[in-house]
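Worksheet for the structure shown next.
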Amino acid sequence: MPELPEVETTVRAINGFENSTLEKIVIHNRNLRWKVDKELEALVANKKIYKISRRAKYIIIKLDVYSLMLHLGMSGKLRIQNKKDNFFKKHDHVEFIFKDKKIIFNDVRRFGSLHITKNINHHPLISNLGIEPLSRDFNKDYLHAICANSKLNIKKLLMDQKKIVGVGNIYASESLFLASVNPLRPAMSLNVSECYEIIKAIKKVLKKAIKMGGTTLKDFYSADGSEGYFKLNLNVYGLEKKPCKKCKHQIKRIVIGQRSTFFCEICQI
DNA sequence: CTGAGATCCTGTCTGC
DNA sequence: TGCAGACAGGATCTCA
């Protein structure tokens, strides 16, 4: 489900828990994308939370010695609930319990994961991640250098988390539409000015999506229960056969790497 | 090393 | 209404 803007929105919704004490974690189902560490509950009991942040699509919860890493996968979401409201929903897998409230991790498809580690940067799932797209270092020269060395098409390259993090299926399609670049273009065929258009488009799309609370297509809700309204700004994603907003030609849907990809054949060359 | 394809899981929607 | 098949916002693993 969640790409960078949805994860960022979720982090902002729970960062009020910074400086709170995590009384305990209760795990109802350890069988997430990876089995949750047996020691995890014991290591986090009654620890203060120093910082809640985001790296790529991971939510990082910094405790004293350890940090928690939470990935929402395709269908994961958090829900803040009063502790005394003791109800459950189907697919509630983990509860983070505080004095008066709790944060619940719900994930239908269980592609999400929860990890504990001493040094985030050394964790194998983090250490190989690529550049943050909203950082200054993500510029046209950087992208052009990556493209020049890749045999992937540009859509696949943008979604490769080892190269650029946070861009998923929705925002890859949307960014390429804004940049007027065909998703099937071999990355190595792109010149510097096309790379410039792409990085501008990615930054613009992600920033706007964060501002609007992410994209709720079906079931994304932030931890405070709010929907994301970026859906209203989608130009191509999920709009097969609808008229292109620039030229009115029908939006086309194709499959790239087993993922639906939407674009305008006329505008995106 | 790179890249293509299968795979984990559950739910919903479409078409016959 | 039932049922098969496609599809869903991710990303790792295996194999060539």
Side-chain angles (χ1 to χ4, degrees), chain A residues 1-11 28-36 54-59 69-78 89-94 105-115 123-130 133 145-176 183-184 186-188 202 205-206 209-210 212-222 227-241 253-262:
Chain A
M1 144 214 301
E3 305 180 36
L4 187 150
E6 290 75 38
V7 178
E8 182 66 32
T9 297
T10 301
V11 165
H28 302 291
N29 187 350
R30 310 190 91 81
N31 295 311
L32 304 181
R33 176 74 170 81
W34 283 276
K35 222 175 179 89
V36 179
R54 179 190 61 75
R55 167 70 174 120
K57 294 174 191 168
Y58 288 90
I59 297 167
M69 297 160 44
L70 178 66
H71 198 295
L72 300 177
M74 287 263 253
S75 55
K77 48 190 167 283
L78 297 181
K89 295 191 178 181
K90 202 172 179 184
H91 309 298
D92 281 351
H93 303 311
V94 180
F105 174 62
N106 179 289
D107 184 5
V108 176
R109 293 172 72 184
R110 280 190 276 131
F111 288 177
S113 59
L114 175 65
H115 313 265
H123 193 281
L125 293 170
I126 298 277
S127 60
N128 293 319
L129 289 172
I146 293 178
C147 286
N149 283 317
S150 175
K151 287 176 186 153
L152 296 175
N153 60 51
I154 184 61
K155 161 92 173 355
K156 284 209 83 175
L157 183 141
L158 293 181
M159 290 178 64
D160 184 343
Q161 304 297 305
K162 288 187 172 60
K163 299 186 170 73
I164 302 150
V165 303
V167 179
N169 206 31
I170 293 181
Y171 298 111
S173 278
E174 291 297 320
S175 299
L176 289 170
L184 291 167
M188 58 169 58
I202 290 174
V205 165
L206 294 180
I210 290 170
M212 305 198 70
T215 300
T216 299
L217 283 185
K218 206 172 110 221
D219 57 2
F220 172 72
Y221 296 94
S222 184
E227 277 189 56
Y229 292 99
F230 190 75
K231 169 177 54 183
L232 303 170
N233 287 73
L234 293 174
N235 286 306
V236 288
Y237 188 86
L239 297 174
E240 184 183 14
K241 294 182 180 160
R253 172 184 176 272
I254 59 173
V255 175
I256 296 178
Q258 300 155 264
R259 311 301 296 278
S260 287
T261 305
F262 300 87

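A note on names: the letters A, B, ... follow the listed sequences, proteins ahead of strands, and every chain is numbered from 1.
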[X] has an atom [atom1]; how far is it from atom [atom2] of [N], in whole Å?
X: Ile170(A); N: dA8(C); atom1: CD1; atom2: P; result: 11 Å
X: Leu158(A); N: dA11(C); atom1: CG; atom2: C1'; result: 16 Å
X: Asn169(A); N: dC7(C); atom1: CG; atom2: C1'; result: 12 Å
X: Tyr237(A); N: dA8(C); atom1: OH; atom2: P; result: 5 Å
X: Tyr171(A); N: dA11(C); atom1: OH; atom2: P; result: 14 Å
X: Leu4(A); N: dA11(C); atom1: CG; atom2: P; result: 11 Å
X: Ile256(A); N: dG10(C); atom1: CD1; atom2: P; result: 14 Å
X: Lys57(A); N: dT12(C); atom1: NZ; atom2: P; result: 10 Å

**Q.** Test of ring centre spacing under 6.0 Å for Tyr171(A) and Phe230(A)
**A.**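 Under 6.0 Å, so yes.
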Could you measure the distance from the [atom1] atom of [X] to the [atom2] atom of [Y]? Nearest 0.5 Å is fine.
X: Leu176(A); Y: Leu184(A); atom1: CG; atom2: CG; answer: 10.0 Å
X: Cys147(A); Y: Leu158(A); atom1: SG; atom2: CG; answer: 7.0 Å
X: Ile59(A); Y: Glu8(A); atom1: CD1; atom2: CD; answer: 10.0 Å
X: Lys57(A); Y: Leu125(A); atom1: NZ; atom2: CG; answer: 13.5 Å
X: Ile126(A); Y: His115(A); atom1: CD1; atom2: NE2; answer: 8.0 Å
X: Asp92(A); Y: Lys77(A); atom1: CG; atom2: NZ; answer: 9.5 Å

Q. Base, sugar-phosphate, or nothing: which does Ser150(A) touch, judged by heavy atoms less than 4.0 Å apart?
A.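 Sugar-phosphate, no base atom in range.
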Q. Looking across every strand, which nucleic acid part, if any, lies under 4.0 Å from Lys90(A) by heavy atom: base, sugar-phosphate, or nothing?
A.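 Here Lys90(A) touches the backbone only, sparing every base.
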Q | 5' precedence on DNA chain C between Gly257(A) and Arg253(A) (nearest-nucleotide basis) | A |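 By nearest-heavy-atom nucleotide position, the 5'-most residue is Arg253(A).
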Distance, [atom1] atom - from [M] to [N], rounded to whole angstrom:
N: dA11(C); M: dT12(B); atom1: P; value: 23 Å
N: dA6(B); M: dA6(C); atom1: P; value: 13 Å
N: dG3(B); M: dG9(C); atom1: P; value: 22 Å
N: dC9(B); M: dC3(C); atom1: P; value: 24 Å

Q) Minimum heavy-atom separation for Lys231(A) to Thr216(A), with atom names? A) CD-O, 3.2 Å
Q | chain A contact limits on DNA chain B, taken 5' to 3' with a cut-off of 4.0 angstrom to heavy atoms | A |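 Nucleotide range with atoms under 4.0 Å of chain A: dG3(B) to dG11(B).
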Q | dA8(C) OP1/OP2 closer than 4.0 Å to side-chain N/O of Arg259(A) | A | no
Q: Please work out the stems of DNA chain C from pairs that are Watson-Crick or G-U wobble with both distances under 3.5 Å, keeping only runs of three or more consecutive pairs.
A: B:2-8 with C:10-16, B:10-16 with C:2-8
Q | Listed nucleotide nearest any side-chain atom of Met159(A), set dG10(C), dA11(C), dT12(C) | A | dG10(C)
Q) Is it the case that Lys155(A) and Asn169(A) place a side-chain donor and acceptor less than 3.5 Å from each other? A)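 Note: Lys155(A) and Asn169(A) side chains meet the donor-acceptor criterion.
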Q: State, yes or no, whether a side-chain contact exists between Met69(A) and His123(A) at a heavy-atom distance under 4.5 Å.
A: yes
Q: Return the 5'-most residue of the pair Asp160(A), Gln258(A) with respect to DNA chain B, ranking by each residue's nearest nucleotide.
A: Asp160(A)
Q | Phe111(A) ring over dG10(C) six-membered base ring, under 5.5 Å and 30° | A | yes
